[in-house]
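For reference, the structure is listed below as structure tokens.
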Amino acid sequence: MTLLSVHDLRVSFKTGRRIEVRAVDGVGFEIAAGETLGLVGESGCGKSTTGRAIVRLVEPSAGTVRLDGRDITHAGRRELLSSRKDLQMIFQDPFASLNPRQTVHQIVSGPRRLLDHAGTAELLTKVGLSPEHAGRFPHQFSGGQAQRIGIARALASRPKLVVCDEPVSALDVSVQAQIVNLLADLQAELGLAYLFIAHDLAVVRHVSSRVAVMYLGRIVEIGPSERLYDDPAHPYTRALLSAIPVPDPDTEATRQRIVLKGDPPSPADPPPGCSFHPRCPVAQELCRVSAPDLREVNGRQVACHLA
Ligand code: SF4
């Protein structure tokens, strides 16, 4: 059953001299109840802005966001508060997202005091903390523990969908796997759906049943994880995947890394045609003048003339 449906979502910002920056430029996908969609791409590709527009931390310029069939794209304050019960967010920097003057109990139970002390204690245990932590303040915790507090806060309203915005990229490598495993365990126990945003394809691999790859504000490939990882169709997905080290030493020794030229172009001045063409190792003349649409190719959708 479809839980979240995002259609033609656009987010534009005006910068000085009336330049319009299209941070998100027509993104669409669906997430089923209990499912994880990984959303990946380099920094600045619009993936975090997409997540923030869905929970309305930034205002969408166009398109629709439906949660459980309700159109929440331009929901008013009261409607937004009620949708926030079902739709929560976990942030990249756990310390920046926790109020340093509040105790863990105050943070987790939220301004509407969703939980009593027993409820907070139960939730803290669920996320791998101890009930005694409820009276402490954020600065008394490590980064991994602070992220567990952020996860507990997101779960207090018993949401159906959690937008996880780079939830492990600010943490030590040794702690990243623990948090990813915790999110997977909570999903299995509570039937949560996740939009899991990350710049690292290796991180989303183990948690996502489907993956969407973004480049310069658009989805360039979206499909089931195995298909995308085993047989990537878009040259950008191939390049991202080629950067992931392989555990098997023999395969790792022969791994051919595709190094992309230069940085992604600015969304304030996107190239004509396929926006990936200045960096694409297989670009043709057509790519410079014509932008490819997403189309069905071999069990996934790809935006590339050559796929
Ligand atoms: Fe590369 Fe052309 Fe495909 Fe764009 S459309 S990804 S430039 S081959």
Side-chain angles (χ1 to χ4, degrees), residues 6-12 19-30 37-51 61-63 195-205 208 210-246 254-307:
V6 176
H7 178 69
D8 198 23
L9 185 68
R10 291 167 195 270
V11 181
S12 301
I19 294 172
E20 188 186 40
V21 178
R22 293 186 195 168
V24 179
D25 195 12
V27 161
F29 54 78
E30 294 186 342
L37 175 72
L39 187 60
V40 298
E42 288 162 291
S43 94
C45 72
K47 57 192 189 304
S48 287
T49 309
T50 300
S61 321
L195 174 62
F196 198 104
I197 299 167
H199 63 273
D200 185 345
L201 268 162
V203 169
V204 301
R205 178 169 203 158
S208 308
R210 286 185 306 128
V211 173
V213 179
M214 276 186 79
Y215 189 80
L216 217 64
R218 294 184 181 174
I219 290 178
V220 295
E221 183 163 2
I222 178 169
S225 299
E226 327 79 73
R227 201 152 280 267
L228 220 111
Y229 283 95
D230 295 346
D231 179 28
H234 195 283
Y236 181 57
T237 315
R238 287 204 285 270
L240 290 181
L241 280 173
S242 78
I244 301 177
V246 182
T254 57
R255 178 166 64 96
Q256 299 258 312
R257 183 156 183 201
I258 303 167
V259 181
L260 294 174
K261 296 171 276 177
D263 295 321
S266 162
D269 186 20
C274 172
S275 58
F276 187 54
H277 88 253
R279 303 172 79 199
C280 181
V282 291
Q284 315 278 305
E285 201 44 49
L286 169 69
C287 309
R288 293 176 227 287
V289 290
S290 161
D293 289 326
L294 268 180
R295 64 193 167 87
E296 193 76 22
V297 178
N298 204 10
R300 93 296 296 276
Q301 290 190 297
V302 192
C304 172
H305 292 306
L306 301 192

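Note that ligands are numbered from 1 as they come in the structure, with each ligand's atoms numbered from 1 the same way. Computed from heavy atoms alone, side chains included, the values below leave out hydrogens, waters and symmetry copies.
- Ile258 pairs by the side chain to side chain contact (heavy atoms under 4.5 Å, CB included) definition with Arg238, Ala239, Ser242, Pro281, not counting sequence neighbours.
- The salt bridge (Lys or Arg N to Asp or Glu O under 4.0 Å) pairs that include a residue from residues 257-281 are Glu42-Arg279, where partners are two or more places apart or lie in different chains.
- You'll find the side chain of Leu9 stays beyond 4.5 Å of the side chain of Asp25, heavy atoms only.
- Around atom 4 (Fe) of ligand 1, protein N, O or S atoms at a distance under 2.8 Å total 1; waters are neither shown nor counted.
- Between Val21 and Ser12 there is no side-chain heavy-atom pair separated by less than 4.5 Å.
- The ring-ring contact (aromatic ring centres under 6.0 Å, His included) contacts involving residues 269-289 comprise Tyr215-Phe276, His234-Phe276, Tyr236-Phe276, where partners must be two or more places apart or lie in separate chains.
- Under the 4.5 Å side-chain criterion, counting only non-hydrogen atoms from C-beta, Cys45 is not in contact with Pro264.
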